[in-house]
Amino acid sequence: MEQEAAAAVVVGAGPSGLAASACLKTLSIPHIILEREDCFASLWKKYAYDRLHLHVRKRYCELPHMHFPPDYPEYVPKDQLLRYFDDYVARFGIEPAYRRSVESAVYDEGDERWRVGARDVGSGEVMEYRCRFLVVATGESSDAFIPEVEGIEGFGGKVIHSTRYRNGKEFENSRVLVVGSGNSGMEIALDLANHGARTSIVVRSPVHVLSRGIANLGMALLKYFSPGTVDSLLVLLSKLVYGDMSKYGLRRPSEGPLLMKTKYGKFPFIDLGTCQKIKSGEIQVLPALKRIEGDVAEFEDGKSHPFDAIVFCTGFKRSTHKWLKGDDYLLNEDGIAKPSFPNHWKGEKGLYCVGLSRGGFPGATSDAQNVADDIKSQL
């Protein structure tokens, strides 16, 4: 079924899509939002663990044209963040078309329009939307990723991705292996330990450890100093606060945390108490996972340990390359913006992206306003 869309189609109703919609609405630009889930901000509403808080101060996490309420804490918890999203959608009258899974987007040279094919998840019917401008706002955390591990199919315990983890209550007194040492992995390991689980975490690569205070200081200093200078200060402060964590299995990278975020998309670990648990032995740090045999996991150092459950905190992949056709400029195969800052949000033939440059909430906010302004200038 073919439908004549508005001027723009926005793919995704996560925070980036909501930001894009609000900016487009502020400039009176007609658009439609296609969302494959049955709600907006689905990652936060349906796939986030209970104790989740924003790791940076709320002023850095606001979406365009709306502040957090003044009575919200500096580090906003999950329930209040969801309330903010609800109020944001209501304020701007954002109405996504839910359960619309985009399967193709092709630019029609003759018509000078994008043809976007989206399947109705309920009925299976494919609808085609035509638009001058296509905004990819599918988010950096779109498709849960679990790596292949030899023998995992024979593991008798519970195996889940972090998107299915809520809290550690059900794991009390269980031997739990957390695979992945990003912020989700480290915080889930902390939550498990707090709930009485015998917790181990796989840390394959060097990782920067920062406190919330140090991380937010770094963000503030970027207004006045170069990233390299700020990186040097962050590493110095981390050494002063945490000391040498390599004896506990946490090696510090040779490159700075800001450089690694920009260059590789690897965020520093914001410590909320995990390091103390590691130092006390309540959380055991293990090297890379090699294979599983029964309930026993073997690691790269040759040692083996039995477990009752495994939680994969191994991040996400993006599937944009499967449906976006003919784009060799804007997005790479992993769905991340290829052009350098500050022009990473603009592609060719009316193609844009929001929130796909590893810039977090501030990046998505800036992208959304830039995209809306640029579209407005062409109408």
Side-chain angles (χ1 to χ4, degrees), residues 43-44 46-55 75 77-79 141 144-147 149-205 207 209 211-212 242 245-251 267-316:
L43 181 66
W44 301 86
K46 299 168 63 175
Y47 305 115
Y49 47 91
D50 293 344
R51 63 163 288 146
L52 180 66
H53 286 61
L54 296 178
H55 287 310
Y75 301 101
K78 172 184 168 182
D79 60 337
S141 305
F145 170 70
I146 294 181
V149 178
E150 181 184 341
I152 191 67
E153 65 280 355
F155 183 73
K158 188 169 188 175
V159 178
I160 60 172
H161 188 267
S162 60
T163 52
R164 299 297 176 184
Y165 179 90
R166 293 297 169 265
N167 57 63
K169 290 179 182 178
E170 67 174 293
F171 299 101
E172 183 179 3
N173 296 320
S174 296
R175 300 164 298 183
V176 184
L177 176 64
V178 177
V179 181
S181 56
N183 279 296
S184 292
M186 288 294 194
E187 191 166 0
I188 285 174
L190 174 63
D191 190 59
L192 285 164
N194 286 340
H195 281 90
R198 288 171 280 171
T199 308
S200 301
I201 185 167
V202 169
V203 181
R204 293 190 310 162
S205 307
V207 59
V209 182
S211 68
R212 271 179 174 169
Y242 294 101
M245 292 296 294
S246 63
K247 54 188 172 185
Y248 302 103
L250 299 182
R251 296 169 291 138
F267 287 77
F269 152 46
I270 310 300
D271 178 48
L272 301 176
T274 308
C275 283
Q276 186 55 47
K277 296 282 188 183
I278 290 173
K279 289 179 177 180
S280 70
E282 294 174 77
I283 297 174
Q284 178 182 208
V285 175
L286 297 172
L289 178 62
K290 190 173 182 181
R291 65 172 64 90
I292 301 286
E293 187 170 340
D295 67 344
V296 176
E298 182 183 338
F299 299 87
E300 280 198 344
D301 61 359
K303 296 181 180 179
S304 299
H305 303 276
F307 293 98
D308 303 304
I310 302 175
V311 182
F312 282 95
C313 302
T314 41
F316 300 83

**Student:** Test of understanding: with side-chain hydrogen bond (donor to acceptor under 3.5 Å, both in side chains), list the residues that count as partners of Ser280, not counting sequence neighbours.
**Tutor:** Glu282

**Student:** Kindly write out the residues that satisfy salt bridge (charged side-chain N to carboxylate O under 4.0 Å, His left out) with Arg51, not counting sequence neighbours, or none if the list is empty.
**Tutor:** Glu187

**Student:** Could you tell me whether Arg204 and Glu300 have a side-chain N and a carboxylate O separated by less than 4.0 Å?
**Tutor:** no

**Student:** Applying salt bridge (charged side-chain N to carboxylate O under 4.0 Å, His left out), can you list everything that pairs with Lys279, at least two apart in sequence or on another chain?
**Tutor:** none

**Student:** Taking all heavy atoms of Ala144 and all of Thr163, pick out the closest pair and write down the distance.
**Tutor:**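 Heavy atoms of Ala144 and Thr163 come nearest at CB-OG1, 4.1 Å.
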
**Student:** Taking the six-membered ring of Tyr75 (Phe, Tyr or Trp), confirm whether the NZ or CZ of Arg212 is under 6.0 Å from its centre and within 45° of its axis.
**Tutor:**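 Pair Arg212/Tyr75 counts as cation-pi.
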
**Student:** Verify, without hydrogens or angle tests, whether Asn167 (side chain) and Asp50 (backbone) share a donor-acceptor contact under 3.5 angstrom.
**Tutor:** no

**Student:** Apply side-chain contact (heavy atoms from CB on, under 4.5 Å) to Thr274 and list each qualifying residue two or more places apart in sequence or on a separate chain.
**Tutor:** Met186, Leu190, Phe269, Asp271, Ile278, Ile283

**Student:** Check each of Val178, Ile201, Val179 against Cys313 using the side chain to side chain contact (heavy atoms under 4.5 Å, CB included) test, and report the only one that passes.
**Tutor:** Val178

**Student:** If the condition is side-chain contact (heavy atoms from CB on, under 4.5 Å), which residues does Glu298 pass it with, not counting sequence neighbours?
**Tutor:** Lys290, Arg291, Ser304

**Student:** Is it true that a side-chain atom of Asn183 and a backbone atom of Pro268 form a donor plus acceptor pair closer than 3.5 Å?
**Tutor:**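 Checked: pair present.
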
**Student:** The criterion is side-chain contact (heavy atoms from CB on, under 4.5 Å); which residues satisfy it with Lys46, sequence neighbours excluded?
**Tutor:**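 Lys46: side-chain contact (heavy atoms from CB on, under 4.5 Å) contacts with Glu37, Asp38, Cys39, Ser42.
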
